[in-house]
Structures are given as structure tokens and as C-alpha cells.
Amino acid sequence: MARPALLQRRVSLLSLSLLCLVPLVQSNGNGLAQTPPMGWMAWERFRCDTDCKDDLENCISEKLFMDMADRLSEDGWRELGYEYVIIDDCWMSRIRDKNGTLQPDPDRFPSGIKRLADYVHNRGLKLGIYADMGRWTCMGFPGTTLDKIELDAQTFASWGVDYLKFDGCNSNALEQLLGYPLMSKALNATGRPMVYSCSWPVYIGSLPPEVNYTLLGDICHLWRNYYDIQDSWDSVQFIMDWFFNNQDYIQPAAGPGKWNDPDMLIIGNFGLSLEQSRTQMALWSIMASPLIMSNDLRSLDNAARAILQNKAAISINQDPLGIQGRRLFKEKTKIEVYWRPLVDAASALVFLSRRSDMPYHYHTSLEKLGFGKGNYEVYDVFEGSKPKPLNSTEQFTVSINPSGVVMWYLKPVKTDGFFFLLIHLL
């Protein structure tokens, strides 16, 4: 998907002069997405299934999104923060209407997007939609070329849309350079608050100097850095490795109102084991990633539900400091350690095993992991055990299952007075 290197270099040389033509408006100045967005998106699980005659339950239609809105509002998801129901590609008619306006497929969305937005809003949720700045979307539906950006932004606002995913298929690097900032300006000009998700980085090489992450933070609330996730452990590892191998470039770009997006949570589908599902949830929380599920909420099993509704993991992900975590160590034993700072001097640790043989006993201390001297209260996120005291110099052992994690929430404990003594006695 990345453009040839020569074209990228030419774009870099032209970028400053071209951007002078675009009056920038800061999307993240509107107070949206102060914590990573949470919700549900159709793409990974349901793709571009438009066969509603033979596959009514799974085709891209208003029924599918109404079903998912019902599940989010009735099964405890909304109260945990999962608030967006996001339409991806393939919702459109094959042609714009006589006024040049995007329109939904009349057979699959007979009530229209405005009615669907009302349905979602009536359940205390928000609606997201998809567009593409090329001539065609990735799946061949009408795109949003430069001359249609303002019209489409106004259309989405009139429908009551709350979130836009703006893809970049079938566009060139120069069009993207102009189009992504222009859409930011157009969305803000509508007066309707809309979270703006940009796919720009993945189309131009994902890293500096081709990607200007400072500019992205000014115009987008979140952005897709890398390739699409697939329903497999290999895909999850591929994306995790890219993000942490390049953490020095991308980690500083993230913060309240501007997030790196490693793509959807695939927990509850077909490709991940229980351990691997916990790993995705843990690492996406460490990365301060958007928690956008793509699964079938109507048939989700209890194990997947417990992981996705884990309040401690969600709290870590939604931490208001908004600092993206980092990988601390990659051991020769195929054990990796990740860390994220949180409010009130707290932090999160994840111990990940890349082994495939048996549970591994990893021995270390908080001091060796870089923690300051003192006493800490430790809570196991997935085991849900009672908080335990741990001194920074004390050696401890964690048993990590193959392709699995142990995830801790840690908070320093004051040693003056009786509080620390009481914790030891409990």
C-alpha cells in the first residue's frame, strides 16, 4: 500500500508549500477523543458481504448495525465505554444521487442513514461511517474526491454521524496531502462534533520523514499507522511487532485527542486462543489504542466477553494521562516486558510469552524493571486477585502461558502510618 520511495521523497519536498494552501483547523481542539475511542466496527468480521438475499444475518445492512446497537446497549457494553457503532466500506449505492450526494444502498439501508443514526442515538450510542478520498473506495464504491469533501462532510453532519473513518484507496500521495487536512477543516465547519479517523500514514510509508505525526495530531483524532488486521495470531503479532519496534517514532505522537491505531480487536472471532485474546486486549491497553471490536456480539462466548469487558484493562486503556506505553525488554527466553505510566503515579506492566512449548517462570524484581525504590500494591488484571504488596527490591516470579500474558496494575504505597502495615496483615 505504501507509495514508491521516489514519489514519497518528492512529496516530502512539496509538502510545506502545498500545505500553505490549506488553512488547518485543529480537530483535536474540539475536545473529542480525550481517551481512545471505544466501540464496534463491521469490517474485520463482516467485510463486504452485500448478499442480503442468502445471508441476511451477516450482510452489510441497517439490520446488522441495529443488531449491534442493541447488543451494545443491552449487554453492558455501553456502560463500559463502548459507544461507537461504526459502518465500514460497502454501505453506499454504486452511484451518487442526482445532486452528487452520497447515498446508501436502497435495498440494504432502506430507512437511510439518518434513521439509522436516530436508532443508534436512542440507545445512548454514537454512529460512525466510512468514506474514502479516492475516486473509489477500497471495494469500488463512490469515493470522496477533493471536490466532494465539503459536500460529504455536510452530508454526514446532516445525517447525525458522530465519527468518520476516512480511507485512502485509489488516491495518490498529493491528493492525500491535501485531502486529509481539507476533510478536517470541512468536518469542523459543519458545527457537528465528529471524531476523525485518518488512514493517511499507512499509504505513505507509516514512519517519518514521510509521515508528519505533528501534523496528524493537529488534524486527526486517530490514525491507522499500519496494515489491516486479519483474524489470526500471526497478524496480531505482526502489528504488535511493528508498533513496538518503531515505538521511538510513534509513541510520542499519541495523547489525549490524538491516538495511534493498530486496528480492530478481533477477540471472539475464529483466529485467537483464549491466551492470545488476553494478549491483544493487554497490549492494546498498554498502547493506549482505540478499543474498536470487530466480532459478532450476538453470539460472543462468555470467555471473549469477559476479556473485552474487563474493567481493569479498560481503565488502563482509558487512563486520562493518555501516555502510550512502551516495550522495556525482549529477553532471549522469548519473554517480553511492557510498561505504561498512569495517573496518580500508578502504572501497568505486561509480561508476554512468545514461547510455544509450556508455561514459563520469569524471575525479576520491580527494581530491575526500572521502578523506583519503595513499596507497591499489585493487582492482577485478568486473575482479578486481591491487591498484594510488593517491595521494589523483592524478587518475584510470574508464570506466563505460551502466547499469553500476565498483566499487572501497580500503585505506590505510602509507608508512613499504619496503612502499609495493614496491607501486609490482610
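None of these values were measured; they are calculated from a predicted model.
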Measuring only between side-chain heavy atoms, which start at C-beta, is [X] closer than 4.5 Å to [Y]?
X    : Y    : result
T155 : V161 : no
L390 : L366 : yes
P359 : P402 : yes
M133 : T145 : no
F156 : I129 : yes
I86  : W40  : no
W233 : S273 : no
P290 : W284 : no

Checking [X] now: which residues fulfil ring pair (Phe, Tyr, Trp, His ring centres under 6.0 Å) with it, not counting sequence neighbours?
X    : answer
F244 : Y338
Y130 : none
W242 : Y226
Y84  : Y163

Shortest non-hydrogen contact from [X] toward [Y]:
X    : Y    : value
G134 : S171 : CA-CB, 3.8 Å
Q309 : G76  : NE2-C, 4.0 Å
D167 : C138 : OD2-SG, 3.3 Å
R45  : S294 : N-OG, 3.0 Å
Q280 : I266 : OE1-N, 3.1 Å
Y376 : S392 : CE1-CB, 4.1 Å

Are any of the side-chain nitrogens in [X] or [Y] under 4.0 Å away from the carboxylate oxygens of its partner?
X    : Y    : value
E74  : R71  : yes
E367 : K373 : yes
K53  : D51  : no
E57  : R298 : yes
D49  : R108 : no

Intermediate values then yes/no, salt bridge (charged side-chain N to carboxylate O under 4.0 Å, His left out), R354 and D241: CA-CA 11 Å; R354 298 291 188 110; D241 287 341; 2.6 Å; yes
Measuring from [X]:[atom1] to [Y]:[atom2], what's the distance to the nearest 0.5 Å?
X    : Y    : atom1 : atom2 : value
E175 : N170 : CD    : CG    : 10.0 Å
S197 : R224 : OG    : CZ    : 8.0 Å
E44  : M293 : CD    : CE    : 13.5 Å
Y196 : L216 : OH    : CG    : 9.5 Å
F65  : Y119 : CZ    : OH    : 13.5 Å
W339 : L410 : CH2   : CG    : 11.5 Å

Going by salt bridge (Lys or Arg N to Asp or Glu O under 4.0 Å), name the residues that satisfy it together with [X], two or more places apart in sequence or in a different chain.
X    : answer
K114 : D118
D89  : none
R278 : none

Testing the 3.5 Å rule here: is there a donor-acceptor pair between the side chains of [X] and [Y]?
X    : Y    : value
T35  : Q318 : yes
Y362 : E331 : yes
T144 : D152 : yes
D234 : S232 : no
N295 : N269 : no
T397 : H363 : yes

Can you name the residues that form a side chain to side chain donor-acceptor pair (under 3.5 Å) with [X], not counting sequence neighbours?
X    : value
N225 : Y213, N260
D162 : H121, R192
Y379 : none

D319/R340 under side-chain contact (heavy atoms from CB on, under 4.5 Å): CA gap, chis, key distance, verdict: CA-CA 10 Å; D319 184 81; R340 182 181 175 189; 3.9 Å; yes
Ring geometry between F351 and F396 (parallel below 30°, tilted from 30 to 60°, perpendicular above 60°):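 Taking F351 first and then F396, their aromatic rings stand perpendicular (interplane angle over 60°).
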Side chain D132, main chain C169, donor-acceptor under 3.5 Å: yes
Pairs flagged by ring pair (Phe, Tyr, Trp, His ring centres under 6.0 Å) wherever residues 245-270 is involved - sequence neighbours left out: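 Qualifying pairs: none.
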Reference residue D70; test salt bridge (Lys or Arg N to Asp or Glu O under 4.0 Å); the match among K63, R78, R123: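 It is R123, the one option of K63, R78, R123 that forms the salt bridge (Lys or Arg N to Asp or Glu O under 4.0 Å) with D70.
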Summary of side-chain hydrogen bond (donor to acceptor under 3.5 Å, both in side chains) pairs that have at least one residue in residues 400-412, sequence neighbours excluded: E275-N401, Q276-S403
